[in-house]
Protein chains: 2
Amino acid sequence: MSEQLSRGGANGNRKPSATIYDIARELELSPSTVSRALNKPGRIAAKTERRIRDAAAKLGYRGNPMARSLPTGRTRMLGLVVSDVTNPVFFRLVRGAEKACSELGYTLVLAESQESGELEYGTLDRLLPAVDGVVLAAARLEDDQIHQIAASTDVVLINRRVGELSAIVPDIDDGVAQAIDHLATLGHTSIAYLAGPAISWMSRERGERVFEHAVARGMIFVEIGPTSPDLVGGQSALRRVHASGMSAVLAYNDLMAIGLLRACRAEGIDVPGDLSIMGFDDIFGADLTTPALTTVRSPLDRAGDAAVRSLVATLDGIEPAAADPLPTEIVVRESTAAPH
Amino acid sequence: MSEQLSRGGANGNRKPSATIYDIARELELSPSTVSRALNKPGRIAAKTERRIRDAAAKLGYRGNPMARSLPTGRTRMLGLVVSDVTNPVFFRLVRGAEKACSELGYTLVLAESQESGELEYGTLDRLLPAVDGVVLAAARLEDDQIHQIAASTDVVLINRRVGELSAIVPDIDDGVAQAIDHLATLGHTSIAYLAGPAISWMSRERGERVFEHAVARGMIFVEIGPTSPDLVGGQSALRRVHASGMSAVLAYNDLMAIGLLRACRAEGIDVPGDLSIMGFDDIFGADLTTPALTTVRSPLDRAGDAAVRSLVATLDGIEPAAADPLPTEIVVRESTAAPH
DNA sequence: CGCCTCATGGCAATCGGTTGCGATATGGAA
DNA sequence: TTCCATATCGCAACCGATTGCCATGAGGCG
């Protein structure tokens with residue numbers, strides 16, 4: 001009548017899953033043999049391996065991930081740190097990373113790093129020791145915080161360069177060139193760049209590229225901001241944008257562009273008649289607005305995929321293959337037109 | 001000149017983090033004392049505990065999660081399974097779950113269960129043994145698959161009821177009542193419900209509620225579908241909707257409603273003039289469309305939060321507090337008006 | 001026929017904690 | 001002063017794997 005000790009919480013009537021010891025006993029073998037048969041194909045006689053695999057299947061054996069990672073130090077888990085889970089920019093990114101992880105036999109752990117202070121004693125503190133590496137897509141983190149993270153685990157950055165850390169950065173230049181070309185062709189001679197947060201590497205990068213291409217085209221260029229990279233950021237920038245007298249605006253991201261769009265509508269400013277607006281990323285919802293947003297599409301899903309693969313390669317001690325460029329391109333919709 | 005063995009991947013020049021053994025040696029104590037001092041406050045003499053905590057801080061001790069979970073069987077990780085990471089319905093849900101986990105000292109692992117076949121030998125297979133419990137927000141899973149999962153770990157469902165499994169389901173009735181009232185007040189006498197996938201419990205539930213309230217109001221009611229719960233699903237349903245002659249449509253979710261909206265626009269059907277359209281959930285983007293979508297808002301963030309808290313309570317052996325109702329309410333925007 | 005090699009499988013240490021139980025002070029009561 | 005209860009800490013087993021090294025036996029070769 002001895003009651004089975006149920007470890008941890010409710011649902012006590014759950015049979016603890018089989019271990020390699022169960023298999024070993026069943027077959028009168030040593031646990032080490034079972035371990036090898038299951039992980040190092042060929043190390044054990046083919047016949048024995050067969051028997052072991054069959055027994056494992058029969059007993060419903062699932063290796064205990066914790067037990068495995070204790071001696072090896074590898075958890076086969078990867079972290080993905082984003083600054084804001086509800087930001088639609090990350091959706092395709094998460095999807096790409098998730099798929100790659102799944103294909104490579106890894107598990108993806110998603111974390112949010114809203115305030116930078118959270119780095120200490122927060123989610124990241126719990127995350128870092130549990131993963132083999134992290135993909136950082138958190139624009140809000142300071143450079144030295146990133147170095148700090150990189151000191152304790154392998155890191156791959158997305159949309160950002162910090163020191164020599166490996167990074168996946170889509171080739172902005174293509175897209176920006178196309179965007180400026182698009183606007184110039186429409187007849188615009190002046191353009192404003194609506195910057196995101198000052199800390200954002202990507203915001204600065206995009207601003208820089210827009211600047212370069214604009215002046216190369218002989219266009220007037222101004223930069224407005226910095227602002228928060230969301231709807232309200234875009235919304236609140238309208239007065240400054242309007243005051244600048246530019247006929248076209250390129251916002252740091254789609255969220256800001258959409259915010260600006262809405263503010264224009266509220267103020268009775270015609271888009272694209274009075275003002276052409278473009279964004280970056282082509283997030284979900286960019287084609288839902290009226291007018292639908294013209295934007296520079298970023299291959300975020302591919303970036304997520306590439307980041308994970310690069311990370312896993314480094315973990316395996318392989319020099320990560322030089323990632324192919326990840327080109328960007330513009331998606332022309334309705335928010336851009338000839339100025340009048 | 002003995003080279004330090006770097007376990008696992010690159011970045012070999014990383015100092016392995018301190019263990020309780022390091023602390024014990026430093027203080028000439030036993031590891032077990034260190035362990036207790038750190039986890040069972042009061043179990044050890046206050047003075048000793050102080051010394052241990054100080055030493056731990058000094059050495060930068062971070063407990064090894066794998067090592068801890070091996071004897072205890074608990075990983076302090078929770079899984080969140082959704083059917084589609086890129087579906088904006090889940091964003092607020094993820095956010096809510098993430099925050100709750102963080103507050104409770106748990107780590108959230110996000111997983112996608114697109115095809116049901118993936119249940120075997122897929123992401124879930126790797127996830128399940130690694131977490132203490134899962135929150136299931138995956139409408140695509142079959143009932144018996146859910147039971148199968150529940151057999152091996154603790155489970156909390158969101159937006160769905162299966163057997164006696166604990167579930168967080170917002171109170172649809174409020175919202176639907178308000179919706180029907182809204183439409184009736186506008187003068188509508190007929191209404192169509194655009195159903196999602198047949199397998200979706202929530203789709204059936206919403207349809208049922210709409211049906212009840214519509215007939216209670218003496219309205220004509222038809223159900224159209226089932227369809228895929230996304231933009232194309234809504235888009236492709238336009239002809240059937242139109243053919244039905246109803247003056248108002250309530251779609252299973254906002255994605256479908258928006259798809260329908262777009263199709264209407266493409267076909268020159270005036271919304272809300274010719275047709276009033278409503279959705280469910282109030283996802284990101286629902287207020288971006290033209291006309292902006294009137295919808296029944298679901299408190300998804302609170303649902304995520306509640307699910308996690310309920311799950312953790314069960315894990316702690318506490319009877320989860322009866323969750324407060326999670327009411328729904330309509331958000332009136334521009335896609336509904338009096339029929340003509 | 002003898003020796004060497006290689007394939008095969010077992011032993012035992014190890015990863016970093018947790019925890020039941022026992023040993024040793026320590027202080028208070030009698 | 002003696003005895004006992006209690007507070008404090010250590011011993012050692014255990015969680016479920018991995019892995020270096022060794023023992024055994026079989027087969028190949030001269």
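Chain letters run A, B, ... following the sequence lines, proteins first and then strands; every chain starts at 1.
Spacing between atom CZ of B/Arg76 and atom P of C/dG16 amounts to 21 Å, rounded to whole angstrom units. Nucleotide C/dT8 holds its P atom 17 Å from the CG atom of A/Leu27, rounded to whole Å. A/Leu70 has its CG atom 12 Å from the P atom of D/dA17, to the nearest Å. As rounded to whole Å, 14 Å separates atom P of D/dG16 from atom CZ of A/Arg68. The interatomic distance linking A/Arg74 (CZ) with D/dA17 (C1') rounds to 16 Å, in whole Å. Here C/dG10 presents its C1' atom at 13 Å from CD1 of A/Ile20, a figure rounded to the nearest Å.
Judged purely by atom type and a 3.5 angstrom limit, A/Ser69 uses its side chain to pair as donor or acceptor with the backbone of A/Met66.
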Item to complete: Test A/Asp132 against A/Asp154 for side-chain contact (heavy atoms from CB on, under 4.5 Å), laying out the working first.
Response: CA-CA 7 Å; A/Asp132 292 342; A/Asp154 284 295; over 6 Å; no
Fill in: Working for side-chain contact (heavy atoms from CB on, under 4.5 Å), residues A/Glu98 and B/Thr123
CA-CA 9 Å; A/Glu98 226 283 332; B/Thr123 311; 3.9 Å; yes
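Remark: B/Asn39, B/Lys40, B/Arg43 in residues 38-60 of chain B come within less than 4.0 Å of DNA chain C through at least one heavy atom.
A heavy-atom distance below 4.5 Å is found between the side chains of A/Val94 and A/Leu80. Taking 4.5 Å as the limit, some side-chain heavy atom of B/Tyr61 sits within range of a side-chain heavy atom of B/Ile20.
Defining each end axis of the helix from C/dC1-D/dG30 to C/dA30-D/dT1 as the rotation carrying four pairs' C1' atoms onto the next four, with five pairs an end, the two axes are found to diverge by 50° to 10 degrees.
In this structure, A/Leu110 CG and B/Cys101 SG are separated by 11.0 Å, a value rounded to the nearest 0.5 Å.
The side chain to side chain donor-acceptor pair (under 3.5 Å) search around B/Arg25 returns B/Asp22, not counting sequence neighbours. Residues forming a ring-ring contact (aromatic ring centres under 6.0 Å, His included) with A/Phe90 (at least two apart in sequence, or on another chain): none. Under the salt bridge (charged side-chain N to carboxylate O under 4.0 Å, His left out) criterion, B/Arg53 pairs with B/Glu49, sequence neighbours left out.
For the side chain to side chain contact (heavy atoms under 4.5 Å, CB included) with B/Leu311, the lone residue among B/Ile168, B/Leu78, B/Val155 that qualifies is B/Leu78. When each of A/Val81, A/Val169, A/Leu93 is checked for a side chain to side chain contact (heavy atoms under 4.5 Å, CB included) with A/Ile158, only A/Leu93 meets the rule.
Which of C/dG17, D/dA17, C/dT19 sits closest to the side chain of B/Tyr61 comes down to C/dG17.
A residue-by-residue look at B/Ala67 and B/Leu29 shows that B/Leu29 has its nearest nucleotide of DNA chain D further toward the 5' end.
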What N/O pairs connect the protein and nucleotides 11-14 of chain C at under 3.5 Å? Give each pair on its own line.
unit_1	atom_1	unit_2	atom_2	d
C/dC11	N4	A/Ser32	OG	3.1

